[in-house]
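Here is the structure we will look at.
Nothing here was measured: the structure is a model prediction, and the numbers come from that model. Chain A is the first sequence line, chain B the second, and so forth, proteins listed ahead of strands; every chain is numbered from 1.
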Amino acid sequence: NAGVTQTPKFQVLKTGQSMTLQCAQDMNHEYMSWYRQDPGMGLRLIHYSVGAGITDQGEVPNGYNVSRSTTEDFPLRLLSAAPSQTSVYFCASSLDYRGYTFGSGTRLTVV
Amino acid sequence: AQTVTQSQPEMSVQEAETVTLSCTYDTSESDYYLFWYKQPPSRQMILVIRQEAYKQQNATENRFSVNFQKAAKSFSLKISDSQLGDAAMYFCAGSGNTGKLIFGQGTTLQVKP
């Protein structure tokens, strides 16, 4: 049972490049979320999903896109990376919003 | 709208002593859960304790307990007999059936030997 798997663990992008952060879970969880963590600001919700085909914006959605075509996967897309998107990104999943499992995070640097 | 607020950026405690981390929340959801997460330098998010907001009884997990004051919308974490391994960032968070898990800003806990 792998839990929540995030790839890659580290990434350096140039301004304007695009990339997709991958998140997969094998626990048949309906709820999945993406967060960014910046010093002094805790974890801020980017986008979340309550099931396949359903996504919604969180607290800081600008510059990020998501889709949820399967229960298992919830990729986060940066269409045109900016230095302000330098952060640590976490994916989380939950069966029923009563307890969440987190991935190990992706450290993204945009230069 | 949901909000979770931690007003203590840093706290310090002597080993074996007790420390309390504060958290307040606001939500209009009736079925709401509150969490404390620990994040050590490894960045791993570790669930410390969970409280169901419709239950008045305070949750306890070994040396960790909460003081849940529903009317005041307060959810503080008490760590008893603090150990060096308790040093970490602690986050308060809340979630309802909309699926939005919202975090506070975090409190860095230092444990002094």
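When the side chains of ILVMFWY residues are joined at heavy-atom separations under 4.5 Å, either directly or via intervening members, B/Leu34 and B/Ile79 end up in a single hydrophobic cluster. In the hydrophobic clustering of this structure, B/Val4 groups with A/Phe90; members are Ile, Leu, Val, Met, Phe, Trp, Tyr whose side-chain heavy atoms approach within less than 4.5 Å, directly or through other members. Linking Ile, Leu, Val, Met, Phe, Trp and Tyr residues whenever their side-chain heavy atoms come within less than 4.5 Å places B/Tyr37 and B/Met11 in a single cluster. Linking Ile, Leu, Val, Met, Phe, Trp and Tyr whenever their side-chain heavy atoms come within less than 4.5 Å puts B/Leu21 and B/Val111 in one cluster. When hydrophobic clusters are built by joining Ile, Leu, Val, Met, Phe, Trp and Tyr residues whose side-chain heavy atoms come closer than 4.5 Å, directly or via intermediates, A/Tyr89 is not grouped with B/Met89.
Between A/Gln37 and B/Phe103 the shortest side-chain heavy-atom distance does not fall below 4.5 Å. Put simply, the side chain of A/Phe102 does not reach to within 4.5 Å of the side chain of B/Gln39, judged on heavy atoms. By the 4.5 Å heavy-atom criterion applied to side chains, B/Phe91 and A/Leu43 are counted as neighbours.
At distances below 3.5 Å, not a single donor-acceptor pair connects side-chain atoms of A/Tyr97 with backbone N or O atoms of B/Leu101. Between the side chain of A/Arg98 and the backbone N or O of B/Tyr33 there is no donor-acceptor pair closer than 3.5 Å.
Applying the 6.0 Å contact sphere to NZ of B/Lys78 captures no more than 12 heavy atoms from other residues, nucleotides or ligands. Enclosure of atom CZ in A/Arg107 is not indicated, since only 12 or fewer non-hydrogen atoms of other residues, nucleotides or ligands lie within 6.0 angstrom.
Interface remark: A/Ser104 contributes backbone atoms only to the contact with chain B (heavy atom separation under 4.5 Å). Heavy atoms of A/Glu59 lying under 4.5 Å from chain B belong exclusively to its side chain.
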Quiz prompt | side chain to side chain contact (heavy atoms under 4.5 Å, CB included) evaluation trace for A/Leu45 with B/Ile102 | solution = CA-CA 7 Å; A/Leu45 181 63; B/Ile102 301 296; 4.0 Å; yes
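Distance check: A/Tyr100 OH to B/Met45 CE gives 12.5 Å after rounding to the nearest 0.5 Å. The OG1 atom of B/Thr98 lies 8.0 Å from the OH atom of A/Tyr31; values are rounded to the nearest 0.5 Å.
Among the candidates B/Gln6, B/Arg50, B/Gln44, the residue making the largest number of heavy-atom pairs closer than 4.5 Å to chain A is B/Arg50.
Counting all heavy atoms, side chain and backbone alike, B/Gly99 lies closest to A/Ser33 at O-OG, 4.1 Å.
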